[in-house]
There are 2 protein chains.
Amino acid sequence: MSQQWFIGESHHKVDTKGRVSIPAAFRKVLASGDPDFSEGANPQVVVVYGDARRNYLECMTIKAMNKIQRKMLKMPPASPQRRALQKMYSTQALVTSVDETGRLVLPAKLRNKIGISNEAVFAGIGENFQIWSTETYEIENGLVTGDDDFDPDLDPSHYLFGDDEDEE
Amino acid sequence: MSQQWFIGESHHKVDTKGRVSIPAAFRKVLASGDPDFSEGANPQVVVVYGDARRNYLECMTIKAMNKIQRKMLKMPPASPQRRALQKMYSTQALVTSVDETGRLVLPAKLRNKIGISNEAVFAGIGENFQIWSTETYEIENGLVTGDDDFDPDLDPSHYLFGDDEDEE
DNA sequence: TTGATTACCATGAATTCCCATGGCATCCCT
DNA sequence: AGGGATGCCATGGGAATTCATGGTAATCAA
């Protein structure tokens, strides 16, 4: 069962062809989230580059993608919500697979979108992970925007308080 | 099982004869959704150009078309709903096949319908995909119509929140 | 015959595949 | 504890293949 969540942060080189190594730990999660994965083969990944306001790529397993697709199919076909989701998760997304050497190829379009020159940051978010250009990542993650219910100066673990579910 | 969904977005040239390359990824989905497909042959596609309000072509696999036909057969024969569907999906549709070089030929009638000059956009929507003229696509997809429950400025992923199905 | 449609061939660019290397950590042997 | 030996990991380069696209010849329909 190895690892279930994408956890960790790491930096990787992006070469002229757009190839980037995926952190080894993430590859295992991808493999376990790919229904068609067989030992020795290469797991598939989904890369979502949709939303214009985002300056990172959202990556997930096939299982996670299928779950999203099922959710979308349950929404009213012509609703703006469903349309927005479909545009983002179906149209502006890419299904590809990890290569023999554990790398992912990011097409030029996607690299431009997030402004990657030659180095990328992989950030695990649990059920999915993000790819950032190193420069953007440093800037964007320095400043945390707060709203009325959020205090940037507070230790985040405070928000875990209360309503514990059963163990494990 | 290769790929199950039409996912991705890409631009392709349309020549004077109406020939357009179908994105390679889409061709694989078409092949797997064609019951009569045999290795090395050319998969079939269904192109629906019916509805006057649409300024794009809706394309799907044979399997998807069969599903729609079955649904229609279950509806009351003389109902306006069934008639409308039949007109769109049976009358104003075209079954054709991908050629040797991976292209599709769009007859002049269909090109005029969606106003294609010399470039088309292919947009994957999961179970099917759309063909747009580049110009229309840019315009139509820039403006997002909002209603009371829809905020165009919100990241679409918000609409995925809640009501989780059981874990698999 | 004439315009349109289909089949066949050609090519550059992009992408995928395959092989190679250096570094770091782990294991194992004595 | 030293010192290989082993193996995985990140990265690089070149070859081989696929893709998108163009052109020309053959076939068809009216």
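Lettering follows sequence order; numbering is per chain, from 1.
A straight line from CG of A:Asn42 to P of C:dC18 spans 10 Å, rounded to a whole angstrom. We find that NZ of A:Lys13 is positioned 14 Å from C1' of D:dC9, with the value rounded to whole Å. Straight-line distance from the CG atom of B:Leu104 to the C1' atom of D:dT21: 15 Å, rounded to whole Å. What separates CG of B:Asn118 from P of D:dA20 is a distance of 17 Å, to the nearest Å. Distance, B:Lys109 NZ to C:dT5 C1': 16 Å, rounded to whole Å. The interatomic distance linking A:Arg103 (CZ) with C:dC19 (C1') rounds to 11 Å, in whole Å. Rounded to whole Å, atom P of D:dC9 lies 12 Å from atom CD1 of A:Ile22. One interatomic measurement links the two molecules: CD of B:Glu100 to C1' of D:dT18, which rounds to 15 Å at whole-angstrom precision.
In terms of polar N and O atoms assigned as donor or acceptor, the side chain of B:Lys17 comes within less than 3.5 Å of the base of D:dT24 in a complementary pairing.
One finds no salt bridge joining A:Arg53 and B:Asp155 here, because no Lys/Arg side-chain nitrogen approaches an Asp/Glu carboxylate oxygen to under 4.0 Å. A salt bridge does not link A:Lys17 with A:Asp15: none of the charged nitrogens is closer than 4.0 Å to a carboxylate oxygen.
Below 30°, between 30° and 60°, or above 60°: for B:Phe129 and B:Phe26 the angle between ring planes is between 30° and 60°, a tilted geometry.
Ranked by how close their nearest DNA chain C nucleotide is to the 5' end, B:Thr101 and B:Val105 are led by B:Val105. Comparing A:Thr16 and B:Val14 against DNA chain D, the residue whose closest nucleotide sits nearer the 5' end is A:Thr16.
Phosphate contact (OP1/OP2 of C:dC17, side-chain N/O of A:Arg19, threshold under 4.0 Å): absent.
Checked by atom type and distance alone, the side chain of B:Asp34 never pairs as donor or acceptor with a backbone atom of B:Leu30 at under 3.5 Å.
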